[in-house]
Amino acid sequence: MTRVGRKIDSVWGTGGGQQPVKKLVKEIDMLLKEYILSGDVSEAERCLQELEVPHFHHELVYEAILMVLEASGDTTYKMMLNLLECLWKSAVITLDQMKRGYDRIFQEIPDINLDVPHAYSVLERFVEDCFKAGIISKQIRDQCPSRGRKRFVSEGDGGRLKFESY
């Protein structure tokens, strides 16, 4: 952005879809982190609406689920479930935006699983809880990828040592 552009932006501000994507992603990330600290759903809802980007709400869904997958405790899990449920029931997040957010997670779960080994099982549980809460449809729930349990070489041998014959 040029010097004149930055000056105009600081005076008039940019809103809605005129904001850079990186800025919106940072704002949503800060919004979610603030929500985890405060637990104030109405404040999170107000901040999301102030961004004036309803076409970008899928990013909030994506980031919220990603935080659930990366969290070590149950607190983030419950809080994000509550936030998504409240935003869904108040119609702040539409079905289309909810679906897009989940689709992005579903597509990226193999990569996420490299960093977070238990990501598949947490995602399956979270998706099921979201379905039970009425946040997502059966169609979205059924699209959730699952990873079969790995079978270890030692399973089935009763713990016996195997002597190799040469």
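- Annotation: salt bridge (Lys or Arg N to Asp or Glu O under 4.0 Å) contacts of K33 (sequence neighbours excluded): D29.
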For residues 86-96, dump all side-chain donor-acceptor pairs below 3.5 Å to protein atoms at least two apart in sequence or in another chain.
residue: W88; atom: NE1; partner: G134; partner atom: O; Å: 3.0
residue: K89; atom: NZ; partner: E85; partner atom: OE2; Å: 2.9
residue: S90; atom: OG; partner: C86; partner atom: O; Å: 2.9
residue: S90; atom: OG; partner: L87; partner atom: O; Å: 3.4
residue: T94; atom: OG1; partner: Q97; partner atom: N; Å: 3.3
residue: D96; atom: OD2; partner: R100; partner atom: NE; Å: 3.3

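- Look at E50 and R46 and you find a salt bridge, because one of the NZ, NE, NH1 or NH2 atoms lies within 4.0 Å of a carboxylate O, short of that distance.
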With a cut-off of 3.5 Å and sequence neighbours excluded, list every side-chain donor-acceptor pair involving residues 67-74.
residue: D74; atom: OD1; partner: R125; partner atom: NH2; Å: 3.1

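- Sorted by first and then second residue, the ring-ring contact (aromatic ring centres under 6.0 Å, His included) pairs with a member in residues 29-53 form an empty list; sequence neighbours excluded.
- Legend: residues meeting side chain to side chain donor-acceptor pair (under 3.5 Å) with K138, ordered by chain and number and at least two apart, are D142.
- A pairwise comparison of heavy atoms in I109 and P145 identifies CG2-CG, 3.6 Å as the closest pair.
- Scanning for side-chain contact (heavy atoms from CB on, under 4.5 Å) contacts around S137 gives Q139, I140, with sequence neighbours left out.
- Between atom CG of residue L123 and atom CD1 of residue I65 there is a gap of 7.0 Å, rounded to the nearest 0.5 Å.
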### Message
I'd like to know whether F106 forms a side-chain contact (heavy atoms from CB on, under 4.5 Å) with C144, so could you lay out the CA-CA distance, the side-chain angles of the two residues, the decisive distance to 0.1 Å, and finally the verdict.
### Response
CA-CA 6 Å; F106 294 164; C144 180; 3.9 Å; yes
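- Residues L84 and M30 do not share a hydrophobic cluster, defined by chaining ILVMFWY side chains whose heavy atoms lie under 4.5 Å apart.
- Taken to the nearest 0.5 Å, the CG atom of L60 stands 12.0 Å off from the CG atom of L24.
- Two residues are said to be in side-chain contact when any heavy atoms from C-beta on lie closer than 4.5 Å; T75 and I36 fail this criterion.
- Note: L83 CG to T76 OG1 = 12.0 Å, rounded to the nearest 0.5 Å.
- Looking at residues two or more places apart in sequence or on another chain, you find no side chain to side chain donor-acceptor pair (under 3.5 Å) involving R141.
- For D103, the salt bridge (Lys or Arg N to Asp or Glu O under 4.0 Å) partners two or more places apart in sequence, or in a different chain, are K99.
- The distance from atom CD of Q107 to atom CD1 of I105, rounded to the nearest 0.5 Å, is 10.5 Å.
- The shortest distance between side-chain heavy atoms of L48 and V53 does not fall below 4.5 Å.
- Partners of Q143 by side chain to side chain donor-acceptor pair (under 3.5 Å), not counting sequence neighbours: none found.
- Within the 4.5 Å cutoff, no side-chain heavy atoms of S146 are placed close to those of Y120.
- Annotation: ring-ring contact (aromatic ring centres under 6.0 Å, His included) contacts involving residues 62-87, sequence neighbours excluded, comprise Y77-F126.
- Pairs engaging residues 105-122 under the salt bridge (Lys or Arg N to Asp or Glu O under 4.0 Å) rule: none recorded [sequence neighbours left out].
- With sequence neighbours left out, E59 forms a side chain to side chain donor-acceptor pair (under 3.5 Å) with R104.
- Rounding to the nearest 0.5 Å places SG of C47 at 5.5 Å from CD of E34.
- Taken to the nearest 0.5 Å, the CG atom of N113 stands 9.5 Å off from the NE2 atom of H118.
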